[in-house]
Amino acid sequence: MEKINKKRAAITAVAHYVPDKVLTNFDLEKMVDTTDEWIVTRTGIRERRILEKGASSDMAVEAIKKLLKIRNISAEEIEIIIVATVTPDMLFPPTATIVQRKVGAKNAWGFDMEAACSGFLYALLTGAQFIESGNYKKVLVVGTDKMSSITDYTDRNNCILFGDAAGAVLLEPSEDENLGILDHIFYCDGTGEEFLHMKAGGSLNPPTHETVDKKWHYIYQDGKSVFKVAVIGMADVSEEILKKNNLTGDDIDYFVPHQANLRIIDAAAKRLGIDYSKVMINIDKYGNTTAATIPLCLSEWWQAGKLKKGNTLVLASFGAGYTWGSILLKWAY
Ligand code: UT7
């Protein structure tokens, strides 16, 4: 394969899709023993979106169609599609291939990446490697999750937390060496499996009547245990990437945290000493959309005209696995 010049990878377009149906805390009050006040105080969530018809690929496709319009390119120009999701349409084929067909990205190859709530960041870094190798010029990275498909709406511990959404970014070689993805720090710790998982549906517990009766096809989370490590993990890794690059909170234009719980976001923002106006937060409207939270924030802020070329951003996530990490980038468009 002929090499083009090695370049930094930059996000050159962003878009998102959220389904129309809104599930509010007041709706949930009628479904399980909970209150709007409890949910808002403990999580910061007021409502979330639910995809009534279709699958994760359909939300990804809607986000991608908007992105192609924004960047004014055709689907045929896309070379790779990476889909981060914990709710693939099916266990196989890869959702990326379903997306490739539906958007008509005839010249692209693609694959899925499953790293739970860190899926988008892991996929973003993976996509960046293809650009930096010099061999690719247009890589789509999508985070899409239909969390409602694995949520038990009789379990008040979990059903209040999750929502459905998709977000997509395009990665291209940066025109300016100073703009784009600058650095990353990633971790994983497999001891987290015990506290956050979905037991059935995979090769360990193939679905049977018994696994369904036991509700093993739904998210299991020991919220309290995950909360403690998430607060420390996301704050630590965000602080670490600043220190590694000789930056302080004042040097950052936006902190873009995974949206799992407002209290986790607050703790990380406090540790960075970053002004609250510079923290992207939309958990109140969408809850935890897993792989979609970070591109959904980026897209909303970009649409509102608040993201500017040259802005310095720290993206950070923590999720099942455990998987966690941060990415430092300079916004390129
Ligand atoms: O994105 C992947 C990573 N995931 C996370 O980062 C999530 C981390 N965890 C959390 O965000 C929080 O732990 C939760 C929001 C899940 C729970 O908040 P908490 O402050 O840790 O509450 P808790 O689990 O300690 O529960 C406190 C009480 C319990 O009652 P008792 O035992 O004190 O009588 C729960 O049964 O609140 C009760 N409770 C509820 N009450 C009303 C639990 N869920 C609800 C509810 N409504 N929906």
Side-chain angles (χ1 to χ4, degrees), residues 19 21 23 27-28 30-34 39 43 45 48-60 83-99 111-120 122-123 143-166 188-230 258 260-261 287-293 317-324:
K21 187 183 155 86
L23 181 68
D27 296 328
L28 286 165
K30 294 178 202 132
M31 295 160 67
V32 289
D33 182 15
T34 192
I39 302 171
T43 71
I45 302 167
R48 65 290 288 145
R49 299 299 179 100
I50 303 295
L51 184 70
E52 292 184 285
K53 241 181 97 195
S56 292
S57 70
D58 296 304
M59 295 191 291
V83 173
T85 186
V86 296
T87 52
D89 289 19
M90 294 177 262
L91 274 184
F92 70 89
T95 300
T97 62
I98 300 170
V99 168
F111 56 92
D112 290 2
M113 177 152 285
E114 204 277 83
C117 294
S118 298
F120 180 77
Y122 278 30
T144 184
D145 268 308
K146 184 182 176 181
M147 295 307 290
S148 62
S149 67
I150 54 169
T151 299
D152 177 1
Y153 286 96
T154 65
D155 172 9
R156 70 173 183 175
N157 292 294
N158 277 311
C159 71
I160 58 150
L161 297 172
F162 297 99
D164 304 337
C188 75
D189 173 3
T191 62
E193 175 193 352
E194 184 187 340
F195 306 104
L196 181 50
H197 58 247
M198 193 176 99
K199 283 188 183 66
S203 56
L204 180 63
N205 297 298
T208 60
H209 287 294
E210 194 193 352
T211 63
V212 173
D213 289 343
K214 286 179 168 167
K215 300 189 168 191
W216 284 2
H217 54 297
Y218 291 131
I219 301 158
Y220 168 82
Q221 176 167 231
D222 171 352
K224 213 174 238 178
S225 299
V226 178
F227 184 85
K228 280 185 207 149
V229 282
H258 169 57
N261 187 314
N288 183 350
T289 58
T290 305
T293 59
S317 68
F318 190 96
Y322 298 119
T323 53
W324 71 107

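- Residues Thr323 and Ser118 come closest through the heavy atom pair O-OG, 2.9 Å.
- Using cut-offs of 30° and 60° on the angle between ring planes, the pair Phe195 and Tyr322 is parallel.
- Evaluation of the salt bridge (charged side-chain N to carboxylate O under 4.0 Å, His left out) test over residues 190-213, restricted to residues two or more places apart or in two chains, returns Glu210-Lys214.
- Side-chain contact, Asp145 with Thr289: no donor N or O sits under 3.5 Å from an acceptor N or O.
- Scanning for salt bridge (charged side-chain N to carboxylate O under 4.0 Å, His left out) contacts around Asp27 gives an empty result, with sequence neighbours left out.
- Phe162 places a side-chain heavy atom less than 4.5 Å from the side chain of Ile219.
- Remark: the Thr211 side chain and the Asn205 side chain contain no N/O donor-acceptor pair separated by less than 3.5 Å.
- For the pair Ala84 and Ala123, the tightest heavy-atom approach, listed with the atom from each and the gap, is CB-CB, 4.1 Å.
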Worksheet item: Should Phe227 and Asn261 be marked as a side chain to side chain contact (heavy atoms under 4.5 Å, CB included) after you check the CA-CA gap, both sets of side-chain angles, and the distance that decides it?
Response: CA-CA 9 Å; Phe227 184 85; Asn261 187 314; 3.8 Å; yes
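- With sequence neighbours left out, Asp222 forms a side-chain hydrogen bond (donor to acceptor under 3.5 Å, both in side chains) with Ser225.
- For the residue pair Thr293 and His258, the shortest heavy atom distance occurs at OG1-ND1, 2.7 Å.
- Separation of atoms CG (Asp112) and OG1 (Thr85) is listed at 7.0 Å; rounding is to 0.5 Å.
- The main-chain N or O of Asp164 is never found under 3.5 Å from a side-chain atom of Arg48 such that the two would form a donor-acceptor pair.
- The minimum heavy-atom distance between Thr95 and Asp89, with the atom names listed, is OG1-N, 3.1 Å.
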Practice prompt. Walk me through it: do Asp152 and Asn158 pass the test side chain to side chain contact (heavy atoms under 4.5 Å, CB included)?
Written response: CA-CA 7 Å; Asp152 177 1; Asn158 277 311; over 6 Å; no
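- In this structure, Ala320 and Ala116 approach most closely via the heavy-atom pair CB-CB, 3.6 Å.
- Summarising the geometry of Cys159 relative to Tyr153, their closest heavy-atom pair is CB-CD2, 3.6 Å, with the distance given to 0.1 Å.
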Worksheet item: Do Gln221 and Leu161 pass the side chain to side chain contact (heavy atoms under 4.5 Å, CB included) test, and can you show the C-alpha distance, the side-chain angles, and the key distance before you say yes or no?
Response: CA-CA 11 Å; Gln221 176 167 231; Leu161 297 172; 3.5 Å; yes
